[in-house]
Amino acid sequence: MSVVVVSGSRTEQESFDLPAAISVVDAGRIQAGQPRINLSESLVAVPGIVVQNRQNYAQDLQVSSRGFGARSSFGVRGVRLIADGIPATMPDGQGQAATFNLDMAERIEILRGPFSALYGNHSGGVIQLFTRDGEAPPFVELSVTGGSDGLRKRDINAQGKTGTLGYVLDASRFETDGYRQHSAAVRDQGYAKLTLPTGRDGKLSIVANALDQDDTQDPLGITWDSFSRDPRAGETDTTDTASPQRSFAQRYNTRKSIAHQQIGLNWQQRFGTSRLQLTAYGGQRQVIQYQSFSRAFQQPASHSGGVIDFDRDFRGMDLNWQDVRALGSGTLRTTAGVEYADSEDLRQGFENFLGTQLGVKGRLRRDERNRLTSIDPYVQTEWESGAWMLTGGLRHTRLKVAVRDRFLDNGDDSGGSVYQGTAPVLGILRKLTPSLNLYASAARGFETPTLNELFYSASGAGFNFGLEPGRSLHLEVGAKAMFGQHTRAELALFQARTRNELVVEASNGGRTSYRNAGSTLRQGMELSLASRFAGGWNALVSASLLRAVYDEGFGSIPSGNRLPGVPRANLFAELGWTAKDDALNAALEAQAASQVHPDDANAAVPAPGYGILHLRLQARQQLGRWHLKEYLRVNNLLDRDYVGSVIVAEANRRFYEAAPGRNWLLGISAQYRFR
């Protein structure tokens, strides 16, 4: 049950033999009775990773690793996202999970802990998606899924090989009326990948993808009283005397439109035991977001309005050289490279009212150009001899932030900052037996503020250039064991102490400002166990325990308080069965999480812990050249009401985002192979 990965060492190697916590989700699990819409479907069984589906496609998923990233009010923060070697995370560390194409995924690798520091500006981990290559025989496939709350997805894809050219093409549309009030969404995605050999030992891959979401509704959060009355309803705007039953989201028609396109290439060329690799990419992203700020709140001259409108151009490259040679009694593998990334935003802000009309683009209140530039040299080397493996690495990050303010009616907010830090990593692994490995690793992490974290101060004024980068020390020890051919277990114990961690200072109507805290401490354990039994049965268990606290007080927050948005415990268990001919499989899944505090003071009602069950059934048939699949999935089988995620430190105490009750999905796919 050992799996080959590239995360952790940047070269193909068995995850069992790396001194790091690495999990792999293969295509079988990604597609197992799932609509392949969100990463939360695929990563639920990975210990240490929490992926909360906000039921809000305007703000994307909330992804955290060992508690890092839980503060993010939208998008992914603290965890680096990479697809086919191309970052889905910007130079400042802000990423978008929605750009991942799960329909074409071959596997997802999740790297947690110290070794993730070698991937740059983040604190928690790395999630890498690898898509399939086009191979013979060629086929075309159509998939259709329907489900609760008006969920509909249609996907058509094709793959094959013409001579030496491999190709993969995919197009999909996802629609939902939304579980929560005012949460409808439509998402169109396109994807293309070409692969071809270059010379004797070379390979070139070209990948292009696009995502389009127009007027995706944002349901916002709700208070505990509102959740207790009706988890699906929005927070009522009591000041709206004309329509007293309307929610804030409905009154301001809170929504976001996104258009994202990018293209990239990856070229690898081997020279004997050495390898040269080049990755280059570029793209554009356009976003317009309508928030729920009241007219009164936008009156200060410093406020930048309730409508955000920006166009982004981004580009980057990664060039590295890998060398493998004998050294003493062992083998030395060394990778050295440099990564460059650049993004430029043309950003405007507008009032969200015209006269008495709300939720429209009004008067200009912000106009600026933002530029991010980073350049990161890195080196990683490992020496393996007999039962020992020693690994070390170093990465230096330098991020330059530049702002040119072109709206001077409220003063000039032009300025900039340069953040830089070095992340060293050390690891050692000892193979006690062919089926038992022990390891230890340590690293210093470095995480800069993102543009979105710099944008606002708590007063509503302009850039907060006073924010400092977070610096962390990560320690980990672990064991990896195989019991026979069919059972694998992994255990990791870790600690991470962070100085100047960024925390939410205020969050209101979709706009969040940040400040630096004192020291924070995370201590925890991760356990995973997977086994196959006779008769087609299999079982999987993953569990996480995490103590995440403020080790030093700051402001009015005392030391010892729990970090908001971080559960103390998570558990996933699955019991499955597969027929001998793989024509039928079924599984019962159990998922549980402990309570979550939504605020630094730990004074608000915590989102209660919960335990839920899911059921999935899948069937396969082959009729000549046709390959058919059907699946039925029932989530939250016992129809529990629970909070799926929280908005950390929301100023109006609208912290809570409800998860769906019992819901179902039914899907069918038909694949035709041409030979």
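These values consider heavy atoms only, across backbone and side chains, with no hydrogens, waters or symmetry-generated copies.
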Tell me whether Gln291 contacts the main-chain N or O of Val307 through its side chain, where contact means a donor paired with an acceptor under 3.5 Å.
no
Nearest-0.5 Å distance that lies between atom CG in Asn56 and atom CG in Leu220:
7.5 Å
Tell me if a side-chain donor or acceptor on Arg312 pairs with a main-chain N or O of Gln286 at a distance below 3.5 Å.
no
Could you tell me whether a side-chain N or O of Ser64 sits under 3.5 Å from a main-chain N or O of Ala70, the two making a donor and an acceptor?
no
Is a donor from one side chain sitting under 3.5 angstrom from an acceptor on the other, for Gln348 and Asp309?
no
Between Glu368 and Asn370, do the side chains contain an N or O donor and an N or O acceptor separated by less than 3.5 Å?
yes
Main-chain N/O of Gly362 paired with Asn352 side-chain donor or acceptor, under 3.5 Å:
no
Looking only at heavy atoms, the pair that brings Val566 and Leu546 closest together is CG1-CD2, 3.3 Å
Between Arg54 and Ser645 (side chain of the first, backbone of the second, donor and acceptor by atom type, cut-off under 3.5 Å), is there such a pair?
no
Can Thr216 and Gln213 be said to form a side-chain hydrogen bond (donor to acceptor under 3.5 Å, both in side chains), step by step?
CA-CA 6 Å; Thr216 303; Gln213 289 184 201; 3.1 Å; yes
Donor-acceptor contacts, no H, no angles, side chain residues 399-407, under 3.5 Å, sequence neighbours left out:
residue, atom, partner, partner atom, Å
Asp405, OD1, Phe407, N, 2.9
Asp405, OD2, Asp413, N, 2.9
Arg406, NH2, Asp367, OD1, 3.2

Given Asp103, which of Arg173, Arg36, Lys193 fulfils the salt bridge (Lys or Arg N to Asp or Glu O under 4.0 Å) condition?
Arg36
Nearest-0.5 Å distance that lies between atom CG in Leu265 and atom CE in Met317:
10.0 Å
Just how far is it from atom CD of Glu657 to atom CD of Gln59, taken to the nearest 0.5 Å?
8.0 Å
Could you tell me which residues satisfy ring-ring contact (aromatic ring centres under 6.0 Å, His included) with Phe314, sequence neighbours excluded, listed by chain and number?
His260
The reported gap from CZ in Phe100 to OG in Ser42 (rounded to nearest 0.5 angstrom) is 10.5 Å
Heavy-atom closest pair, residues Ser414 and Asp412
OG-OD1, 2.7 Å
Let's go through Asp551 and Arg497 carefully: what are the C-alpha distance in whole Å and the side-chain angles of both, what is the deciding distance for salt bridge (charged side-chain N to carboxylate O under 4.0 Å, His left out) to 0.1 Å, and is it a yes or a no?
CA-CA 8 Å; Asp551 203 33; Arg497 189 183 299 274; 2.2 Å; yes
Between Arg77 and Glu447, does any side-chain N to carboxylate O distance fall below 4.0 Å?
yes
Any side-chain to backbone donor/acceptor pair from Thr89 onto Leu81? Under 3.5 Å, distance only.
yes
Is it true that Glu501 and Arg522 make a salt bridge, defined as a side-chain N closer than 4.0 Å to a carboxylate O?
yes
Side-chain donor or acceptor of Gln189 paired with backbone N/O of Ser172 under 3.5 Å:
no
Carboxylate-amine/guanidinium proximity below 4.0 Å for Asp212 and Arg187
no
Any donor-acceptor N or O pair under 3.5 Å, side chains Tyr191, Thr131:
yes
Within 45 degrees of the ring normal and closer than 6.0 Å to the centroid, is that where the cationic atom of Lys361 sits relative to Phe350?
yes
Between Arg255 and Asp218, is there a salt bridge with N-O shorter than 4.0 Å?
no
So, Asp600 side chain and Ile557 main chain: donor-acceptor pair closer than 3.5 Å or not?
no
Could you tell me whether Arg444 atom CZ has more than 12 heavy atoms of other residues or ligands within 6.0 Å of it?
no
side-chain hydrogen bond (donor to acceptor under 3.5 Å, both in side chains) for Asn516 and Glu468? Distances and angles first, verdict last.
CA-CA 7 Å; Asn516 289 109; Glu468 295 290 333; over 6 Å; no
Ring centroid separation Phe248 to Tyr252 under 6.0 Å:
no
Exactly one candidate in Asp84, Asn266, Asp318 meets side-chain hydrogen bond (donor to acceptor under 3.5 Å, both in side chains) with Thr279; the answer is Asn266
Pair Glu339 + Arg395: basic N to acidic O under 4.0 Å:
yes
Pair Arg654 + Glu235, salt bridge at N-O below 4.0 Å:
no
Would you say Gln357's side chain and Leu354's backbone share a donor-acceptor pair under 3.5 angstrom?
no
Side chain to side chain contact (heavy atoms under 4.5 Å, CB included) involving Asn53 - partner list, sequence neighbours excluded:
Asn38, Ser40, Gln55, Tyr57, Leu61
Tell me, please, whether Phe310 has Arg347 positioned over its six-membered ring: NZ or CZ under 6.0 Å from the ring centre and within 45 degrees of its axis?
yes
Cationic N near anionic O, under 4.0 Å, Asp599 to Arg562:
no
